[in-house]
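This structure is a prediction, so every number in the text was calculated from the model and none was measured. Per chain, numbering begins at 1; letters A, B, ... match sequence-line order.
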Amino acid sequence: MTASHVIQLDNISYKINGQIILSNISQQVQTNSITTLIGPSGSGKTTLLKLCNALISPTNGQIFVEGQAIDTFEPTVLRRKVGIVLQQAPILRTTVFENLALPRRLQHQTLTTEEALNALIDVGLDESFLMRQATDLSGGQKQKIAIARTLLNNSTILLLDEITSALDPQSVHDIEQLILKLRQRGVTIIWITHSTRQAKDLGDMTWVLMKGELVAAGTTNEIMSSKDSRIQSFLLGRTP
Amino acid sequence: MTYTPLALTLIFVLIPLILSRTLNLGLEKDTTIATVRSVIQLLIVGYVLKFVFDTEHLVYLLLMIALMITVATLNARQKGKNIPGITWKLAVTLIVVEVITQGVLLGFHIIPPTPQYIIPISGMLIGNSMVLAILFLNRFSSEIEAHEHEIELILSLGGTPKQAVHRHLTKAIKASMIPTIEAQKTIGLVQLPGMMSGQIIGGADPIQAVQFQILIVFALLTCATLTSIIFGFLIYPSLFNERMQLIKNSFI
Ligand SMILES: Nc1ncnc2c1ncn2[C@@H]1O[C@H](COP(=O)(O)OP(=O)(O)O)[C@@H](O)[C@H]1O
Ligand SMILES: [Mg+2]
């Protein structure tokens with residue numbers, strides 16, 4: 001493996017209660033790229049991201065992060081390095097500020113108002129949100145808070161799970177710009193999206209997961225022009 | 001009381017048996033088993049206590065307490081069979097509760113150091129501790145189940161297992177202690193506590209009986225607090241593996 005592979009999946013499988021969720025996945029992620037992960041629901045996309053954040057461990061195979069086996073990291077360190085925005089991430093019953101401050105509090109540090117503000121601006125919200133009750137916000141606003149919260153860990157690798165599904169078109173645009181900006185800042189991104197357009201417009205690489213198998217992985221252009229009939233029909237069925 | 005009036009109390013067993021039969025409640029078998037068991041168990045306890053009191057030997061006293069702790073542990077662990085290490089965690093909790101409460105009672109000469117005092121008070125405290133541990137376990141597992149996503153979130157952001165469960169742990173600790181505190185607010189108003197009733201029937205001065213009951217009430221408060229906190233902090237790590245991952249269904 002080379003240094004430019006920031007995540008390497010080495011023949012990983014994941015089983016739960018005897019059911020195979022992911023089987024024999026080998027693939028690597030280039031530094032500073034956006035990899036879009038697509039596939040029907042239930043195909044194991046979320047499971048794959050959770051494996052990379054070490055919330056779960058593969059039944060077989062090994063994951064390397066920056067060349068180091070994932071299970072040799074201190075879990076808390078690894079999880080800050082490889083940040084994840086979970087789909088419909090829970091929002092704590094407190095202010096927006098406290099939600100944003102959570103990652104720091106977990107390290108016994110404090111978040112300054114300025115940092116909180118910058119994080120809000122990053123996701124397209126303004127200072128008026130800072131002291132609002134986070135649970136009173138709309139679904140899309142909560143989603144943005146969840147994104148900003150994970151960003152405050154300054155992860156070099158970011159795993160995003162369908163983070164634009166609850167958003168209005170303007171917000172979707174904001175978040176897409178943010179993802180591009182993050183890549184510019186040197187962040188490596190794996191992004192689960194339901195939208196073929198997003199994969200096309202933003203993805204450098206695209207992986208297609210079906211029934212726990214990685215049926216294709218390559219540059220987004222390669223995947224979009226794939227002759228594989230399963231991929232073809234999936235892309236057609238999902239094209240907006 | 002002689003055995004004749006005692007035998008007559010079987011009327012209290014016959015009433016539910018007859019009613020159960022008439023109304024088809026199907027409780028005859030359980031009632032009969034419960035009756036037989038309670039008679040046998042209590043008689044054995046009575047004779048054992050008599051023996052321990054008469055011999056006044058420290059070894060028998062310790063054996064009695066060890067037996068109570070063992071039975072309480074085995075009983076409470078039924079509620080969490082899948083939890084790794086539950087047996088020793090319960091045993092440690094009960095032992096600490098017993099040592100601290102008896103340490104205070106005996107150390108400050110609040111009760112005389114005789115089996116007549118130590119055994120019944122230990123029984124009450126250990127029994128209470130057992131019920132509380134079960135209550136805590138129920139409470140804690142439903143808290144965890146309801147907040148699984150929040151726990152996952154904190155772990156995913158680089159939090160430790162302790163940080164991830166802290167809020168739910170303290171909530172469960174608090175919730176399991178509330179019945180003890182609430183029960184004490186109405187104590188004596190509705191129902192005379194068992195120990196006090198026993199002493200009064202046995203011919204003791206009601207004021208003295210009350211004094212002892214107050215002692216028990218206070219001891220129970222400590223017992224409840226210690227049980228939930230010690231057991232809670234011993235048991236929460238069982239929710240996670242060494243990779244700081246939440247083990248689903250480990251409490252069910
Ligand atoms: N903890 C779990 N227990 C049982 N089944 C699970 C668990 N996590 C995921 N699965 C199953 O694994 C499959 C893939 O789930 P997931 O990774 O969430 O798919 P996707 O994100 O692609 O929709 C689904 O069939 C799901 O039911
Ligand atoms: Mg998913």
field: Heavy-atom pairs under 4.5 Å with chain B, option from A:Asn153, A:Ile16, A:Leu159 with the top count
entry: A:Asn153
- prompt: With a 4.5 angstrom heavy-atom cut-off, which part of A:Lys50 approaches chain B: side chain, backbone, both or neither?
  reply: side chain
query: Just wondering, are more than 12 heavy atoms of other shown residues or ligands nearer than 6.0 Å to CD in A:Glu114?
result: no
- request: Give the minimum heavy-atom separation between B:Gln245 and A:Arg79, together with the two atoms involved.
  value: CG-NH2, 3.7 Å
query: Out of A:Leu106, A:Leu102, A:Thr76, which residue meets the side chain to side chain contact (heavy atoms under 4.5 Å, CB included) rule with B:Gln163?
result: A:Leu106
- line: Residues A:Pro90 and B:Leu153: closest non-hydrogen pair is O-CD2, 3.7 Å
task: Measure A:Gln88 against the heavy atoms of chain B and call it side chain, backbone, both or neither at under 4.5 Å.
output: neither
- prompt: Closest heavy-atom contact between A:Ile84 and B:Ser156?
  reply: CG2-CB, 3.5 Å
message: What part of A:Leu55 gets within 4.5 angstrom of chain B, counting heavy atoms only: side chain, backbone, both, or neither?
response: both
- request: Look only at the side chain of B:Arg243 and the backbone of A:Ile56, and say whether a donor-acceptor pair between them is shorter than 3.5 Å.
  value: no
task: Assess whether atom NZ of B:Lys162 is packed by more than 12 heavy atoms of other residues, nucleotides or ligands within 6.0 Å.
output: no
field: Rounded distance [0.5 Å steps], CE in B:Met244 versus CG in A:Leu78
entry: 11.0 Å
- prompt: Do other residues, nucleotides or ligands put more than 12 heavy atoms under 6.0 Å from the CZ atom of B:Arg37?
  reply: no
query: When rounded to the nearest 0.5 angstrom, what is the spacing between CD in A:Glu74 and OG1 in B:Thr160?
result: 10.0 Å
message: Is it the case that atom CD1 in A:Ile20 sees more than 12 heavy atoms from other parts of the structure closer than 6.0 Å?
response: no
message: Within the supplied structure, the quantity of interest is the number of heavy atoms (other residues, nucleotides, ligands) at a distance under 6.0 Å from A:Gln62 CD; does it exceed 12?
response: yes
- prompt: Relative to chain B, which segment of A:Leu49 carries a heavy atom at a distance below 4.5 Å: side chain, backbone, both, or neither?
  reply: neither
- prompt: At a heavy-atom separation under 4.5 Å, does A:Leu92 approach chain B through its side chain, its backbone, both, or neither?
  reply: side chain
statement: Minimal heavy-atom distance between B:Leu157 and A:Arg80, with the atoms involved, is O-CG, 3.6 Å
